Amino acid sequence: MTTCTLTALYDRYDDAATAVTKLEAAGVPHTDISLVSNTDEDSTHGDGNTAEHAAAGTGAGATLGTVLGGGAGLLAGLGLMAIPGVGPVVAAGWLVATLTGAGIGAAAGGLAGSLAGAGVSDRDARAYSEGVRRGGSLLTVKADEAHFATAARILEEHGAVDLDERAQGWETEGWARAGEARTDASPLTGPDAAAGSEVRGNHAVEAHLAGTDTRMSGARRVRVYDHPL
């Protein structure tokens with residue numbers, strides 16, 4: 001298996017933060033994990049500090065080194081930043097490098113574009129971006145063969161949402177992915193041929209973990225994409 005990008009969207013920041021902690025404890029390098037969370041100042045980290053407090057001293061001027069995670073665990077490196085089309089977030093990790101410009105912590109591009117650059121299909125990237133805009137927390141992991149099964153299982157077991165189901169609900173409210181004409185016949189699952197990147201997620205997770213952990217059979221909440229080298 002080549003290096004993959006695993007993605008999962010959570011409604012609660014605490015669930016995503018718990019997954020991050022378990023990923024690191026399982027040996028996944030924090031440099032291979034990224035978290036982007038639209039959390040307000042009342043939301044708390046696992047250590048009881050607010051997101052604002054955890055990013056104290058960074059503010060809107062968080063440096064690129066801060067949001068990349070620094071030398072400690074990923075959560076210790078969270079910084080505050082603003083993403084066009086999404087709004088203010090706390091973020092850290094490898095994906096954030098493509099969101100920052102000149103080391104000043106200001107977003108240089110949209111979240112959907114950064115996800116697409118990491119191998120996520122355009123269709124799903126737009127949905128993940130909308131999920132963060134609506135208050136969600138997006139966790140992404142670069143995983144090789146050694147860490148794939150463990151990372152996928154951890155992402156799945158901490159309450160990741162079903163992206164297709166969630167996007168369908170938004171579309172009934174009138175939301176449409178940018179650049180797409182809304183149509184009731186538009187499929188929400190399967191490969192995104194236009195993006196040139198097959199969504200391996202549901203089937204890949206199930207196939208790779210078959211016989212490893214029955215809780216993962218039929219997994220629909222963790223998505224897997226070929227990570228561009």
Side-chain angles (χ1 to χ4, degrees), residues 3-58 62-81 88-97 99 111 114-115 118 120 128 131-132 135-163 201 205 208-209 212-213 215-216 219-225 227:
T3 299
C4 296
T5 299
L6 289 81
T7 58
L9 181 68
Y10 301 84
D11 285 329
R12 298 178 66 249
Y13 167 83
D14 285 349
D15 293 333
T18 299
V20 168
T21 300
K22 288 194 175 182
L23 286 167
E24 292 177 333
V28 179
H30 74 263
T31 53
D32 290 340
I33 307 169
S34 188
L35 175 64
V36 180
S37 180
N38 188 345
T39 179
D40 61 37
E41 58 188 42
D42 292 328
S43 296
T44 58
H45 290 284
D47 60 5
N49 294 325
T50 64
E52 185 175 57
H53 178 70
T58 61
T63 66
L64 181 59
T66 297
V67 294
L68 284 177
L74 184 82
L75 299 180
L78 283 171
L80 300 175
M81 62 186 297
V89 299
V90 291
W94 60 272
L95 183 67
V96 183
L99 287 168
L111 179 57
S114 295
L115 286 166
V120 178
Y128 279 125
V132 174
S137 295
L138 175 65
L139 189 53
T140 56
V141 180
K142 289 189 295 185
D144 56 15
E145 179 73 25
H147 294 118
F148 175 83
T150 297
R153 184 177 301 109
I154 290 172
L155 292 179
E156 172 74 13
E157 68 186 7
H158 286 287
V161 305
D162 186 322
L163 186 66
V205 172
H208 190 74
L209 298 181
T212 303
D213 190 332
R215 292 175 302 171
M216 289 297 299
R220 302 178 60 196
R221 301 173 188 275
V222 177
R223 302 208 168 202
V224 186
Y225 312 84
H227 186 82

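Because the structure is predicted, anything quoted here is derived from the model rather than measured.
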Distance, nearest 0.5 Å, that separates [atom1] of [X] from [atom2] of [Y]:
X    : Y   : atom1 : atom2 : result
H147 : T3  : NE2   : OG1   : 11.5 Å
I33  : T31 : CD1   : OG1   : 8.0 Å
R223 : L6  : CZ    : CG    : 12.5 Å
E145 : C4  : CD    : SG    : 8.5 Å

**Asked** Does A146 have any side chain to side chain contact (heavy atoms under 4.5 Å, CB included) partners at least two apart in sequence or in another chain, and if so, which?
**Response** D144

**Prompt:** Listed by chain and number, what are the side chain to side chain contact (heavy atoms under 4.5 Å, CB included) partners of T18, not counting sequence neighbours?
**Reply:** K22, H158

**Request:** For a side-chain contact (heavy atoms from CB on, under 4.5 Å) with L138, tell me which candidate from L35, L115, N38 qualifies.
**Result:**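 Among the candidates, only L115 passes.
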
Are [X] and [Y] packed together at the side-chain level, in the sense that at least one heavy-atom pair is separated by less than 4.5 angstrom?
X    : Y    : result
L95  : T5   : no
L155 : Y10  : yes
M81  : V96  : yes
L23  : L139 : yes
V141 : I154 : no

**Qualifying residues under side chain to side chain donor-acceptor pair (under 3.5 Å), relative to S37, sequence neighbours excluded** =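 Partners of S37 by the side chain to side chain donor-acceptor pair (under 3.5 Å) criterion, ordered by chain and then number, come out as S137.
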
**Message:** According to side chain to side chain donor-acceptor pair (under 3.5 Å), who are the partners of Y128, at least two apart in sequence or on a separate chain?
**Reply:** T7

**Request:** Could you pull out all residues at least two apart from D32 that satisfy salt bridge (Lys or Arg N to Asp or Glu O under 4.0 Å)?
**Result:**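 Listed in chain order: nothing, the list is empty.
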
